[in-house]
Amino acid sequence: MKIKNGKFTEVILDSLGEGLFTVDKDFRIQTFNRAAEKILGIKRNDVLGDFCKNVLQTRRCFDDCPIQKVLESGQNVFDLESELRHKSGRKIAVKLNGAVLKDENGEPIGGVVSFRDMSHLEEIHKSLINRSNFYGIIGQHKSMQEIYDLIEEVADSDSSVLIQGESGTGKEMIANAIQKTSKRRNKPFIKINCSVFPPDLLASELFGHVKGAFTDAVKDRKGRFELADGGTIFLDEIAEMPLQMQVQLLRVLQEGTFERVGESITRKVDVRIIAATNKDVRKEMLAGRFREDLYYRLNVIPIYVPPLRDRKCDVPHLVRFFIQKFSFVTGKKIKEIDDEAMDLLLAYPWPGNVRELENTIEYAFARTKGQIIHASKLPPNVRLRTECFYSGASESERQPFVMNSSEFKLIRNTLEKVHWNRSKAAEILGMGRTTLWRKMKHYGLLEG
Amino acid sequence: MSEMLANRYFISRKFDKAVPIFEKELEKGRETDKIKKKLIVCYIAVGLIDEAFDLFFEIVGRDPLSIINTDPYWDDCPCPEMINDWEQDEGKPVSSPRDFLILGMLYLYCDLEKSIFYLEKALELKDHFLKLNSVIRKLKQINRSSKGNFKE
């Protein structure tokens, strides 16, 4: 017995996982399958005969209808990313397909639209990409999530931001993220490191100069503030700025005005300031090296970027990210890092923070020939320091390691503590006796 | 280009794009009154008032109920929005016979008595006087009979 066309249409359509509806040539809904009911929360009997635009109520219905696209181009539409609205008002990310139904003369008499609910994927994408990789900043630790939240919350603000954190924590990336999410994102974003210019040159860099202002001023030149007008300026290592310059910066913050070096004309700019430093600004204030009034002007939105040792849970994410990065850059097909190497990376205190971790992975990449980074390919400082943590030594025995960074001091101190008993020292240091002997020889400690 | 695409432009209120396609479909002789009803609205929207009135006169002469029985929701009729826009057009009072003609035509899609009211005001348009008189007579006749039916 043959299956007649049309007889089982409803059953077939209802068996699909994709939402599907058809319209006639007036764009009135003719069929509406079960998956469409489920995805949109709408009963088919409530929508049959109604115009699709009244049911779906999306902007696309007016500006970018998939069936219109097919009618205009003659080409069916596939996987058009779009949004539909659930009956409750919730937006649903979907991928749409569209086609036109024609009669025997090739005349369009209706259309069919099918759609896949992509909202679950969207959520996974958001949680995995947006929150663990926020504008290039890798971090899922609570402290980093709080920073992302803060950046999003102050996106509409023009207030100054002061980013503090140790060297290598990613302060500039935070500044980038602030700029990219701000309403000034399409305006100039000028960066300057305050520590690299001598005081006289810094004034010229920031505020510009006129011809003849100093020996090398052969023509008028705009400063960074003028270049950033309407946008944002990032002042890195702000604590290195000389006190005299701090006064001028304070004036820009308060009044938006300044003069070019060698000129008396007052200029006005509208610039948002993001400043960063790896120094403790309060200490700098107490020492008289940083103006208190400037600190309070800058510190309207304070952001503290935690050191990597305080967010160790981000180490695996960062490692994965850098492996992908260096795979891309070097063309090597390194895909992962073994457990032992990851344990070492997790145990290391990372005084140089994310930058040091990046360098570590780059080093391991250079030494790795296969597809997996092994512990032996990590830099010696990472391996040795970590070995101390693995040694099972007591808290007091670990102390010398924290206080002294050199391998030589560590080995010598350990040997002194155990009265030069190499077996005990090797056990405390977490290395074999032969390795210890080799290192003692290397450092000239054998005579001891 | 097809009637379906013109319908699509009509429901997304891109009247200027719908006009040439509807005109071509009329040339092919397809479902003319259904298309003409929409084309009247399109012509008004793009300012082709004389063209709109010619079609309006033709349909009222043949089957006025096809316009009078229009349902704003189920026929996706844009006339209520257009009337609203027209009447509130930057606070300008509707005063010219041409404006009255436009409102008279649009109102027939949703309010027969208001349509007659405005069409009578448009009688000053000498070019359309005879046709307007004929339309008004026909519409008044329908209005009377519908009231009579209501009384019964």
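Chain letters run A, B, ... following the sequence lines, proteins first, then strands; residues in each count from 1. Bear in mind the structure is a predicted one, so any value in this text is a computation, not a measurement.
Evaluation of the side chain to side chain donor-acceptor pair (under 3.5 Å) rule for A:Thr266 yields A:Glu259 as partners, not counting sequence neighbours. Listed by chain and residue number, A:Thr31 satisfy the side chain to side chain donor-acceptor pair (under 3.5 Å) test with A:Thr22 (two or more places apart in sequence, or in another chain). By the side chain to side chain donor-acceptor pair (under 3.5 Å) test, A:Gln75 pairs with no residue at all, sequence neighbours left out.
Using a 4.5 Å cut-off between non-hydrogen atoms, no part of residues 32-44 of chain A approaches chain B.
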Worked check of side-chain contact (heavy atoms from CB on, under 4.5 Å) between A:Lys91 and A:Leu84 = CA-CA 6 Å; A:Lys91 286 179 180 173; A:Leu84 293 176; over 6 Å; no

Residues A:Tyr148, A:Phe134; criterion ring-ring contact (aromatic ring centres under 6.0 Å, His included); working and verdict | CA-CA 7 Å; A:Tyr148 307 155; A:Phe134 184 82; 4.5 Å; yes

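For A:Asp50, the parts sitting under 4.5 Å from any heavy atom of chain B are the backbone and the side chain alike. Proximity to chain B (any heavy atom under 4.5 Å) is restricted, for A:Ile109, to the backbone atoms N, CA, C and O. For B:Phe10, no part sits under 4.5 Å from any heavy atom of chain A, backbone or side chain.
We find that A:Arg267 and A:Asp229 are not joined by a salt bridge, their nearest charged nitrogen and carboxylate oxygen being 4.0 Å or further apart. For A:Lys183 and A:Asp158, the salt-bridge test passes: some basic side-chain N is under 4.0 Å from an acidic carboxylate O.
The candidate from A:Gly74, A:Pro108, A:Gly49 with the greatest count of non-hydrogen atom pairs under 4.5 Å with chain B is A:Pro108.
Cation-pi contact between B:Lys131 and B:Phe57: present, with separation from the ring centre below 6.0 Å and deviation from the ring axis of at most 45°.
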